[in-house]
Asker: 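The following block contains the structure, expressed as structure tokens.
Positions are given from 1, in the same order as the sequence printed here.
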Amino acid sequence: MTISDLATKMDTNRNLVAKYLDLLLISGQVEMEVVGAAKVYFLSHRVPMSSVLEFSSDMVIVLILSKNIAGK
């Protein structure tokens, strides 16, 4: 489904939908891949850092080379 399709179904402006998708991308709630001339958005499977920091500001997080959190 394109941004234009979403805008039509939501009865809103295409630019507004694109703006909100960009905000969701910045906040880490969605991810985007470019496929040809299209941008494909999908729900993110990662946890935004802001959500992790809400648990404790004293937490130490170690990232390993693959950008995953080390340890359990």
Asker: Compute whether any side-chain donor of one residue and acceptor of the other, for Glu31 and Ser44, lie under 3.5 angstrom apart.
Answerer: yes

Asker: Answer yes if Leu16 and Leu23 sit in the same cluster of Ile, Leu, Val, Met, Phe, Trp and Tyr residues linked by side chain heavy atoms under 4.5 Å apart, and no otherwise.
Answerer: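 Leu16 clusters together with Leu23.
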
Asker: Would Leu43 and Leu25 show up in the same hydrophobic cluster when neighbours are defined by side-chain heavy atoms closer than 4.5 Å?
Answerer: yes

Asker: Which heavy atom of Thr12 sits nearest to which heavy atom of Val17, and what is that distance?
Answerer: CG2-CG2, 3.5 Å

Asker: Once you round to the nearest 0.5 Å, how far does NZ of Lys39 lie from CG of Asp22?
Answerer: 5.5 Å

Asker: Is any side-chain heavy atom of Tyr20 closer than 4.5 Å to a side-chain heavy atom of Ile3?
Answerer: no

Asker: Can you tell me how far apart CE (Met10) and CG (Asp5) are? Round to the nearest 0.5 Å.
Answerer: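 So the gap between those two atoms works out to 12.5 Å.
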
Asker: For Met32, does the CE atom have more than 12 heavy-atom neighbours from other residues, nucleotides or ligands under 6.0 Å away?
Answerer: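 Check passes, neighbour count above 12.
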
